[in-house]
> 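Have a look at this one.
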Amino acid sequence: MSKNIESTLVENRIFKPSKEFSKKARIGSMAQYQKMWKESVEKPEKFFAREAAELCWQKKWTKVLDWKCPYAKWFVGGKLNVSENCLDRHLDGPRKTKAAIIWEGEPGEKRVLTYQQLHREVCRFANVLKRNGAKKGTRVIIYMPMVPEAAVAMLACARIGAMHSVIFGGFSAESIKDRALDSGATIIVTADGGYRRGAVVALKKNVDDALKAKDTSVKRVIVFKRTGQDVHIEEGRDVWWHRELEYVDANCPAVALDSETPLFILYTSGSTGKPKGILHTTGGYLLHAYMTCKYVFDLRDEDVYWCTADVGWVTGHSYMVYGPLAMGATSLMYEGAPNWPENDRFWNIIEEYGVSVFYTAPTAIRAFMKWGDQWVKKHDLSSLRLLGTVGEPINPEAWMWYHRVIGGSRCPIVDTWWQTETGGHMITPIPGAIPTKPGTATLPFFGVDAAVVDDNGKELGANQGGKLVIRKPWPSMLRGIWGDKARYKETYWSEFKGYYLAGDGARRDKDGYIWIVGRIDDVLNVAGHRLGTAEVESALVSHPSVAEAAVVGKPDELKGQAVVCFVTVKTGKIANKELAADLKKHVRTVIGPVATPDEIRFTDALPKTRSGKIMRRLLKQVAAGEIIKGDTTTLEDLSVLAKLATAED
Ligand code: WTA
């Protein structure tokens with residue numbers, strides 16, 4: 001059977017929600033979803049006012065939406081506090097002693113923080129932040145391992161109106177420095193180290209290196225003791241988290257904040273060398289995180305919910321911390337790698353804690369598939385009732401495996417499409433209502449007016465490929481790029497008037513289901529992590545031997561995309577294996593392990609058009625092996641290919 005026919009067959013498989021699931025779900029039928037969706041886009045103010053009433057407001061809003069494209073204000077005049085919504089309001093009833101966070105460290109330690117305990121820790125740490133100069137609007141960088149204190153630090157910022165900017169532990173000292181400079185952060189919260197695949201990640205050392213040149217505005221570093229390894233403590237700058245706690249009490253009222261108060265900045269890759277500081281604010285963001293946990297995960301008090309994302313990514317923000325805690329749910333957090341000490345760590349955790357809702361990435365699912373069913377079969381996963389995926393398109397084969405082997409053919413799968421910029425799920429099945437098909441994120445969430453358009457902004461018909469846009473503002477949309485108004489307008493709002501440009505290609509099938517094809521800009525998706533080709537290129541050319549570099553993605557069975565770098569060296573420099581290894585190391589130092597190139601390929605010249613533009617399409621084909629390649633450690637004469645390509649055009 002040819003591949004095409006096979007994938008059509010797979011695509012046509014439809015999985016209807018079971019009667020049993022639908023009966024218990026908040027939204028139990030397609031008709032109910034459609035009615036609600038219609039109201040949410042036709043009368044968004046009415047719809048979202050009703051939903052927002054479920055949050056706790058210190059002052060009610062006067063206007064639901066103020067939209068002057070591309071600037072949105074949601075719940076104008078309203079005041080609330082995110083940490084109060086995630087903590088205080090659960091303390092009046094039985095949730096007080098319920099587990100808010102269940103944590104397992106990679107070496108095996110276990111901790112449970114009840115809502116009351118988490119509230120107390122957040123209040124104390126908020127006082128520590130205040131003691132160290134944090135105020136409303138202060139930027140606080142959080143560079144932490146996956147320990148409950150990462151969530152404590154985020155919620156403590158939210159409590160006093162400080163803004164956090166969490167940086168994933170896989171980023172380097174230089175990346176921390178760039179983000180500190182860009183955000184104007186004055187405080188960094190970090191840890192001595194963290195555990196990952198049996199090794200210790202030297203987090204504090206990276207922070208020290210980032211601050212070495214003393215050119216950032218960082219005045220204070222608060223260090224949580226996680227591993228107990230030796231670290232440098234700089235007098236006058238660094239303080240220990242546990243020591244600071246000795247000076248504070250647990251009394252810290254949640255400040256009433258305007259609904260549009262900035263909550264966090266999260267840096268993500270775009271199509272230039274400089275990451276964008278995506279800005280999210282308070283009321284709209286929290287509402288969307290809350291609502292999606294309610295309708296998409298359909299979270300219940302008795303659920304044990306586990307999102308495997310790192311807190312350094314937006315998924316960790318919305319779906320490990322803010323959304324589930326706003327729902328009063330139990331959120332599980334695991335520090336380390338899925339294959340430590342063995343390939344069944346995740347299944348072990350699911351069995352031990354009775355995880356019922358599990359949210360992970362396709363790249364992880366493909367790795368599990370490769371490791372084999374035997375690791376799964378060793379464990380009882382019958383507690384699971386709902387599965388989710390995020391981060392990249394899921395191939396139908398991985399979807400089917402997830403459904404069958406992990407979900408025991410009984411759990412609905414929510415394939416959630418969204419972005420750092422969107423704050424929460426945008427296109428996703430509602431599990432009790434929308435039948436799923438392997439490989440599609442299905443239909444838009446409430447308030448989301450998604451469309452697939454051609455280059456003129458005209459909506460396309462069934463199965464025609466185009467660009468994905470959102471035609472109406474939604475509560476958790478980004479409010480801007482930190483410090484760069486022009487880039488915000490240019491990147492998202494300039495191609496089609498009044499439409500948000502997602503940067504993804506997509507098509508809608510005859511049922512209106514949206515199939516995401518992947519990025520259409522120069523952004524790669526490597527193991528579910530966003531990476532700008534320009535970022536890697538600028539890291540490469542900062543190496544003394546490199547004259548020019550072009551970075552493209554190549555299809556990769558496990559990671560989705562692999563990073564392939566075409567490099568020309570400066571005259572007199574020798575392109576050899578040693579240099580290739582050194583360049584990989586260099587990129588790790590400049591950006592972080594997260595950006596490690598998979599292949600370095602030397603070429604005497606990059607293929608360019610007559611006007612001097614690098615022919616990326618050609619390079620992609622070369623990288624994918626569609627054009628015969630030579631030995632990758634010797635020079636490739638790509639200019640010849642370029643000439644051939646132009647001749648063909
Ligand atoms: C991709 C992660 C297909 C997409 C929450 C998007 C997906 C980018 C899906 C955002 C999905 C995310 N199906 N593609 N379910 N989810 N993507 O900002 O290309 O790290 O634009 O946010 O990931 O990545 P980001």
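Remember, it's 1-based here, ligands and their atoms both numbered in the order they're listed. Only a predicted model underlies this, so the values are computations on that prediction, with no experimental measurement involved. Note that the numbering runs from 1 along the sequence shown for the chain.
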> Does the pair Arg197/Glu106 count as a salt bridge with the N-to-O cut at 4.0 Å?
no

> Which word best sums up how the rings of Phe445 and Tyr295 line up, parallel for under 30°, tilted for 30 to 60°, or perpendicular for over 60°?
tilted

> Who pairs with Asn525 by side chain to side chain donor-acceptor pair (under 3.5 Å), at least two apart in sequence or on another chain?
none

> Taking only residues two or more places apart in sequence or in another chain, which ones pass side-chain contact (heavy atoms from CB on, under 4.5 Å) with Thr533?
Asp522, Leu524, Glu537, Val551, Arg616

> Between Phe48 and Trp74, what is the ring plane arrangement, given parallel below 30°, perpendicular above 60°, and tilted in between?
perpendicular

> Heavy-atom contacts with ligand 1 below 4.0 Å: which residues, ordered by chain and residue number?
Val314, Thr315, Val390, Gly391, Glu392, Pro393, Asp415, Thr416, Trp417, Trp418, Gln419, Thr420, Asp504, Ile516, Arg519, Asn525, Arg530

> With sequence neighbours left out, what residues match Asp298 under side chain to side chain donor-acceptor pair (under 3.5 Å)?
Arg26, Arg300

